[in-house]
Number of protein chains: 2
Amino acid sequence: MSKWLERQPDLLARKLEHFARLSPEDIEALDRIWRRKSVTAPPQDDIVRQGDPPGGVRLMQAGWACRYRMLADGRRQILSFFLPGDLCDLNNFVLRRMDHSVMALTPVRYTMLGAEDFDSLTTRRPRLMHALWWDNLVAMAIQREWTVNLGQRSAVERLAHLLCELYVRLHVIGLANGGAFDLPITQVELADTVGLSPVHVSRTLKDLRERNLVQLHRGKLEIFDFQALSSVALFRPDYLHLAAEGAHLAANA
Amino acid sequence: MSKWLERQPDLLARKLEHFARLSPEDIEALDRIWRRKSVTAPPQDDIVRQGDPPGGVRLMQAGWACRYRMLADGRRQILSFFLPGDLCDLNNFVLRRMDHSVMALTPVRYTMLGAEDFDSLTTRRPRLMHALWWDNLVAMAIQREWTVNLGQRSAVERLAHLLCELYVRLHVIGLANGGAFDLPITQVELADTVGLSPVHVSRTLKDLRERNLVQLHRGKLEIFDFQALSSVALFRPDYLHLAAEGAHLAANA
DNA sequence: GAAGCGCAGTAACATAGGTTAGTTTACCTG
DNA sequence: CAGGTAAACTAACCTATGTTACTGCGCTTC
């Protein structure tokens, strides 16, 4: 089995505890959800297609996926990354059709949640539901920060910023250690994420490498100097809304 | 009194009816909220400041405001426009500090809603609450589309796209008629919205003018050919999630 | 109605990033 | 192990957009 599909049991609880104190009952409720029947998808597979009816909330359990939107002429913008423990579109029961697609980047495992699940959490595990809302607001804040990234930052800044953000997010769920993590993303995909051409992404990574900030080699990203990288990126982790310890963690790679 | 501060009584109901059928009781509940004590702010005033505790949801009643975020070196990205009938950050009780600011662009009038209001709407006017969630999801979709805009579209496409979107949104609340609307935004602000320099915004508007697509003169925008403009912009209104008639409306300026 | 100011418009020049195209490397497949 | 393919890398060249700097207009203020 692909390493990407391995289940990490308490990864979601770990993330949510950055936001709220969860009771043992909350954790157990989470655990029950986490163990449900899951679905897998191979890389490049569309998990959700633009135009489809939403059909429920996906809870990502393992692997990377991304949300993207295509223009009529084939240009593609990647809008967000879904990492293990992320929820795709809390609340999207409300809409009739998806306005974007979601694609697996690695082999992916996820489980489906329905409106009933959230109703029952709201009444029975309000604290947990509260944490899920928090997570949802953070996802919105990340989307805004990507807007800032594309609108204001130069190529180096943009890439550096993306790497800082991914590092922090992965660290929170225990998937980044000692300044390194798996980055299963081609340069073409990176390009569609940061709004640059693939060629320029390559140049820019080279630049970052030559400044001894990071190295990306064979899907493994190593950050040599997180402080320096975040200062190049003008990275301010406030938008990730981590609790004090989390923010501190972000400050020291 | 500034024309910007005039209250338009059923503007919010008009918008929400694009999403859900509201009962007379829903409309009355909305109306009661709409009549509450309101606050005004002069142009350029920060209504919300980055770092502040959230302090409740603002319902915009009149005038234009924008959400923005600044980088440490002074660059500014405008993240969204708040038009009359828009809610700032449904659900933001959950966060501790704002990660962005909100500024009035014109004189602005708004009213504050608390968590209690939403609790009571959830139990007593679920259909209305549903419509508010819809509106919130549309706001998220708009944020994503801005990401696409900045990441993939050229200068002309970007500006054209912004104008298309504003036209449709304003039309939905009855503030755009016959292809024209008030656009109380300086070119510098436009520049910070679309991630271009002010000089290039000027050039690009000239370009659009010379193609006989739109004219922006003294805060008044006239769209001469919405079809052509949306095709230049690669504008697809699906992300605004209007009901069938609304989408149709968007298609014919 | 003169002075001052913010905003829009333009021209001339500079540069970040895009494009095309070709090479290398790693990996997969038979 | 040969051949094929996707991804990364590089060089040379091109262009969209940024920068600087100046002009003129339409308000406001006294």
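In the text below, chain A, chain B and the rest are named by the order of the sequence lines, each starting its count at 1. Quick note: numbers below take in every heavy atom, side chains included, and nothing from hydrogens, waters or symmetry partners. Just so it is clear, the structure is predicted and the values come from calculations on it, not from any experiment.
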Q) Is a side-chain donor-acceptor pair under 3.5 Å present for Trp146(A) with Gln143(B)? A) no
Q) Is the closest basic N to carboxylate O distance between Asp89(A) and Arg58(A) below 4.0 Å? A) no
Q) In terms of ring plane angle, is the pair Phe235(A) and Phe226(A) parallel, tilted or perpendicular, where the classes change at 30° and 60°? A) perpendicular
Q: Rounded off to whole Å, could you give me the CZ-to-C1' distance for the Arg153(B) and dG18(C) pair?
A: 19 Å
(Q) Please classify the nucleic acid contact of Ser154(B) as base, sugar-phosphate, or nothing, using heavy-atom distances under 4.0 Å. (A) sugar-phosphate
Q: Give a yes or no on whether a salt bridge exists between Arg218(A) and Asp182(A), defined as a side-chain N under 4.0 angstrom from a carboxylate O.
A: no
Q | Euclidean distance, atom CG of residue Leu159(A) to atom P of dG17(C) [Å, nearest integer] | A | 10 Å
Using atom names, set out every protein N or O paired with an N or O of nucleotides 24-27 of chain D below 3.5 Å, distance rounded to 0.1 Å.
residue: dC27(D); atom: OP1; partner: Arg218(B); partner atom: NH1; Å: 2.5

Q: Verify whether the ring centers belonging to Trp64(B) and Phe81(B) lie closer than 6.0 Å.
A: yes
Q) Do you see a donor-acceptor pair shorter than 3.5 Å between the side chains of Glu165(A) and Tyr239(A)? A) yes
Q | Pair Arg69(A) + Glu145(B), salt bridge at N-O below 4.0 Å | A | yes
Q) With the sugar-phosphate defined as primed atoms, P, OP1 and OP2, and the base as all remaining atoms, what B/S/- string results for nucleotides 6-11 of chain D, 5' to 3', for protein heavy atoms under 4.0 Å? A) -SSBBB
Q. Bend angle of the helix from dG1(C)-dC30(D) to dG30(C)-dC1(D) from five-pair axes at both ends, rounded to 10°?
A. 50°
Q: Report the C-alpha distance between Thr204(B) and Arg158(B) in whole Å, list the side-chain angles of each, state the deciding distance to 0.1 Å, and finish with yes or no for side-chain hydrogen bond (donor to acceptor under 3.5 Å, both in side chains).
A: CA-CA 10 Å; Thr204(B) 307; Arg158(B) 264 186 237 183; over 6 Å; no
Q) Hey, are Arg144(B) and Asp99(A) close enough for a salt bridge, meaning a charged N less than 4.0 Å from a carboxylate O? A) yes
Q | Length of the CG-P vector between Leu190(A) and dG18(C), whole Å | A | 14 Å
Q: Could you state the atom-to-atom distance from NE2 of His200(B) to P of dG17(C) in whole Å?
A: 15 Å
Q.
Regarding Arg76(B) and Glu189(B), does a basic nitrogen lie under 4.0 Å from an acidic carboxylate oxygen?
A. no
Q | Euclidean distance, atom CD of residue Gln152(A) to atom P of dG18(D) [Å, nearest integer] | A | 10 Å
Q. In whole angstroms, how far is the P atom of dG17(C) from the CG atom of Leu196(B)?
A. 14 Å
Q. Got a sec: does the CZ of Arg49(A) have more than 12 other heavy atoms crowding it under 6.0 Å?
A. no
(Q) So Gly195(A), base contact, sugar-phosphate only, or nothing? Heavy-atom distance under 4.0 Å. (A) sugar-phosphate
